[in-house]
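This report refers to the structure that appears directly beneath it.
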Amino acid sequence: MFWNYAEGKIGFREASRVTRHFSEFSLRDGDCDLSDSRRSVSPMESWLESFAITDGKCHPDCLKANNEQEDYDACQSAALVAVSLISSARVIFKIDSKYTEYSPQYLVDNVGKEEVEGEMDQPSCQYTVGNLLSYLVENVWTKKEVRQREMDQQRREFTVKDCFEFAFKKGLPRNGHWAHVGCIFPVPPFACQIPRVPMKGEVIEAANVSEALKLGMQQPAAARLHLFSPEFDLVGEGIYDGPSGNETRYVGLRDVLMVEAEKIKGETVFTVQICYKKKTSFVKVSTRSMILPLNGDDKSQVTEPACLLVDFCIPRFSIN
């Protein structure tokens, strides 16, 4: 049977629950004392422990910026779907003994980023109190407008597939060891020292719905959904079957998780899980081919009959 993600005993752990923040370090006595002989932990371990001290609290500027953001952008959405599928697959194939959340923001910060040779050996990339204070002075205590402008200039575009490929190449840090989704602060240079869990495997893609059904029998799969408004907003418990009239507005492609497949009146219908406007919901989606009236400057213009769901893929892990 098609892998039932909704009832598959895994459960969707919405990665936006991450609330650790690079800038929230406690500098009280002992919190960052690298010379404390009473502790047999490394400076990096002390830093990772400091994440727990923050108890998920975020800088007020970050909270305000995230509250003002109506929906996740394409890269954040791709990263959230990717880490959810990675976490699920690692449990299914018994690589992780329990569901382990990995950091989506690590992917947002690093996928497509140019690699720097010897980065981990550079003095500025070592975790020291001096480097930490320099980071706070240069980034956390600057004006918000300057910070946001720099972040916007660095924005890159990538897909769920790109996230899988990057994770297999570089590994992933656990969720609590990186910033929260939507962090407005630059990544500290010494964050390259944060330990990552190795990932070995490959990306498997499906060219059409039939192939996607086969993938879904093995493990949860990712796809992208053509979103039209107001049809999607009004679907409720019905079946989302795309545009319906002249008042239709094309929203764009959104990353989804394929939950299950079923036959309804002779038609194959997928139930997908989607986070839209920062709200997670389950929606039944038609798989019949149709002409999609895409508009605007979107690069995914379709001129032939197509399915609402496209770009199916899964992360296939190497067991050994």
Side-chain angles (χ1 to χ4, degrees), residues 13 15-16 18 20 22 44 47-48 72-97 99-122 124-127 151 154-183 186-207 215 218-224 253 255-258 310-320:
R13 312 298 182 89
S16 59
V18 190
R20 304 295 188 261
F22 286 131
M44 177 54 65
W47 184 36
L48 295 180
Y72 295 116
D73 64 30
C75 294
Q76 292 169 337
S77 176
L80 286 164
V81 169
V83 295
S84 181
L85 289 173
I86 286 171
S87 294
S88 299
R90 287 177 66 86
V91 173
I92 293 168
F93 295 107
K94 304 185 186 306
I95 300 171
D96 289 340
S97 59
Y99 189 99
T100 303
E101 295 182 345
Y102 296 96
S103 171
Q105 186 62 29
Y106 173 78
L107 294 170
V108 173
D109 290 332
N110 290 281
V111 173
K113 178 183 175 182
E114 185 177 351
E115 293 188 39
V116 179
E117 187 175 354
E119 179 182 32
M120 295 185 68
D121 297 325
Q122 296 179 7
S124 62
C125 294
Q126 306 309 306
Y127 177 66
M151 294 295 286
Q154 297 171 9
R155 182 70 67 187
R156 299 172 298 278
E157 293 186 3
F158 54 80
T159 64
V160 173
K161 178 186 174 183
D162 296 326
C163 290
F164 290 155
E165 292 175 340
F166 186 83
F168 288 140
K169 182 179 180 181
K170 295 293 186 179
L172 289 175
R174 290 186 172 86
N175 215 3
H177 292 170
W178 205 264
H180 66 90
V181 176
C183 178
V187 179
F190 42 83
C192 65
Q193 304 289 346
I194 291 177
R196 301 185 296 274
V197 177
M199 308 270 171
K200 293 185 178 181
E202 61 179 333
V203 181
I204 306 297
E205 298 180 84
L215 287 184
Q218 304 164 28
Q219 66 185 81
R224 302 180 80 192
L253 285 166
D255 294 290
V256 300
L257 293 91
M258 296 164 59
V310 295
D311 300 339
F312 310 98
C313 65
I314 59 171
R316 177 65 52 77
F317 281 88
S318 300
I319 305 301
N320 297 325

(message) Quick one about D255 and Y72 (side-chain donor to acceptor, distance below 3.5 Å, no hydrogens or angles considered), yes or no?
(response)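 Looking only at side-chain atoms, D255 and Y72 do not form any donor-acceptor pair under 3.5 Å.
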Any idea which heavy atoms bring [X] and [Y] closest together, and the distance?
X: E157; Y: C75; value: CA-SG, 3.6 Å
X: A89; Y: P315; value: CB-O, 4.3 Å
X: S87; Y: Y99; value: CB-CZ, 3.5 Å

(request) Could you pull out all residues at least two apart from E202 that satisfy salt bridge (charged side-chain N to carboxylate O under 4.0 Å, His left out)? (result)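 Here no residue qualifies.
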(message) Would Q219 and R316 count as a side-chain contact (heavy atoms from CB on, under 4.5 Å) here? Give the steps.
(response) CA-CA 9 Å; Q219 66 185 81; R316 177 65 52 77; 3.8 Å; yes
Please report the interatomic distance [atom1]([X]) to [atom2]([Y]), rounded to the nearest 0.5 Å.
X: S88; Y: D96; atom1: OG; atom2: CG; result: 10.5 Å
X: S318; Y: F93; atom1: OG; atom2: CZ; result: 11.0 Å
X: L85; Y: Y102; atom1: CG; atom2: OH; result: 13.5 Å

(request) Begin from the C-alpha positions of V83 and L107 and carry the test side-chain contact (heavy atoms from CB on, under 4.5 Å) through to its verdict. (result) CA-CA 9 Å; V83 295; L107 294 170; 3.7 Å; yes
(message) For residues 172-182, which residue pairs pass the salt bridge (Lys or Arg N to Asp or Glu O under 4.0 Å) check, not counting sequence neighbours?
(response)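 Applying salt bridge (Lys or Arg N to Asp or Glu O under 4.0 Å) to every pair that reaches into residues 172-182, excluding sequence neighbours, yields nothing.
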(message) Using side-chain contact (heavy atoms from CB on, under 4.5 Å), reason through V187 and Y106 one step at a time and then give a plain yes or no.
(response) CA-CA 9 Å; V187 179; Y106 173 78; over 6 Å; no
(request) Before giving the answer on side-chain contact (heavy atoms from CB on, under 4.5 Å), spell out for F317 and I86 the whole-Å C-alpha distance, their side-chain angles and the decisive distance to 0.1 Å. (result) CA-CA 9 Å; F317 281 88; I86 286 171; 3.7 Å; yes
(message) Quick one: does any side-chain atom of Q218 pair with a main-chain N or O of L215 as donor and acceptor, under 3.5 Å?
(response)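 Side chain of Q218 to backbone of L215: no pair is present.
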